[in-house]
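Here the structure comes first, spelled out in structure tokens, and everything after it is commentary.
These numbers come from the heavy atoms of this one structure, side chains and all, not from hydrogens, waters or symmetry mates. Lettering of chains follows the sequences in order, A, B, ..., and the numbering in each one begins at 1.
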There are 2 protein chains.
Amino acid sequence: MKTIDEHLDDPAAVSRLLRRHGITPTRQRVVIARAILSRPQHLTADQVLQLTLEAGDRVSKATIYNTLGLFSRKGLIRELTIDSQRAFYDSSTHPHHHFYDPETQQLTDVDEDALQLRLPETLPDGTEIDHVDVVIHLRPSRSSTG
Amino acid sequence: MKTIDEHLDDPAAVSRLLRRHGITPTRQRVVIARAILSRPQHLTADQVLQLTLEAGDRVSKATIYNTLGLFSRKGLIRELTIDSQRAFYDSSTHPHHHFYDPETQQLTDVDEDALQLRLPETLPDGTEIDHVDVVIHLRPSRSSTG
DNA sequence: TTAATTGCAAACATTTTGCAGGTTC
DNA sequence: GAACCTGCAAAATGTTTGCAATTAA
């Protein structure tokens, strides 16, 4: 659905991308989409706000939050729950898992082939699987400096 | 380390349990420990507060939060990050994974044998695995009523 | 009796909401 | 021009902190 090779420098292309996801393009939404989708990354709402400011485009905090929620619902990005305190937004929407280093608060993708998961066949009644999150929480290794 | 068969009705036994985990027993801590450890369950801080109130023991909200944090650090309970908005505390500390139903906000344990996980051999430099959380997010099944 | 713990209220951080004004199609 | 979107400020969580009073050893 999402075309990665789209020229994100071109606002018209970003508008088309949004439209293809059922999102009405507005100046703010294009700014936010360009900030997030420019490369594979994991960002908090506040980091997205900073990126838009650095790009010279003012977007209010409320619009950042509302837009990130909209993009997630529409499948343009993925909301990750790793830290109780803040949400992360992932510009990669294909199924994949994460390392989390609480020291640096950095998220890293786990290589697709490196992790194998066999899911339960039996689920609670009346439910099906929406998605699965695997988070490998890291700590400094005993032998490492620190 | 944690003895499950301990008589949690007996405050003296709970005090011993706390001490064994390096926690100085106080009235409030015993009240909170009894509320959580009485059975396998997943509770939010607010639910723990309700339980202590129902038991007729007043504990302040600040003490609930501080004590849940202390118990987690000492390995008496486990803090789970499932929902960005609130933390869950699990009375079972052995490694196991969870189903999460966002409709009901209910957590359920995944049967140990039902899920198989092969972890990556290569980790980011200078780190080792602290723990792994697998959360299977559910949704109502298409065929179900609702 | 000394150090640790508690309760309260205030502070904090993140996210949501109400509404007036502005934008899109 | 009708419906939708934005910005601001205020509200709504959930959680932490400062400090005086209380409790544990």
When you look at CZ of B/R27, are more than 12 heavy atoms from neighbouring residues, nucleotides or ligands closer to it than 6.0 Å?
-> yes
Footprint ends on DNA chain C, 5' to 3', for atoms under 4.0 angstrom from a heavy atom of chain B, come out as C/dT5 to C/dT15
Tell me, do A/L107 and A/F99 make a side-chain contact under 4.5 Å, heavy atoms counted?
-> no
Residue-phosphate contact under 4.0 Å: B/Y65 side-chain N/O, D/dT15 OP1/OP2 = yes
Side-chain N or O of A/R86 less than 4.0 angstrom from OP1 or OP2 on D/dT13?
-> no
Taking all atoms of both residues into account, what is the closest heavy-atom pair of B/P11 and B/R34, and its distance?
-> CG-NH1, 3.9 Å
Want to settle it: does B/R27 or B/F88 sit nearer the 5' end of DNA chain D, counting the closest nucleotide to each?
-> B/F88
A/D133 and A/R78, any side-chain heavy atoms less than 4.5 Å apart | yes
Listed in order of residue number, which residues of residues 51-59 of chain B have a non-hydrogen atom at under 4.0 Å from DNA chain C?
-> B/R58, B/V59
What is the minimum heavy-atom distance between B/V30 and B/V14, and which atoms define it?
-> CG1-CG1, 3.9 Å
Counting just side-chain N and O atoms, does A/R29 come under 4.0 Å of either OP1 or OP2 of D/dC5?
-> yes
Interatomic distance, CZ@B/R58 vs OG1@B/T52, rounded to 0.5 Å, equals 8.5 Å
Whole-Å distance separating the CD1 atom of A/I64 from the C1' atom of D/dC8 = 14 Å
Spacing between A/I23 atom CD1 and D/dC4 atom C1', to the nearest angstrom | 14 Å
Between B/Q85 and A/K61, the residue closer to the 5' end of DNA chain D by nearest nucleotide is A/K61
For residues B/I136 and A/D130, determine if any side-chain heavy atom of one lies less than 4.5 Å from a side-chain heavy atom of the other.
-> no
Does A/R86 come within less than 4.0 Å of A/D46, counting only side-chain N to carboxylate O?
-> no
So what does B/D46 touch, heavy atoms closer than 4.0 Å: a base, only the sugar-phosphate, or nothing?
-> nothing
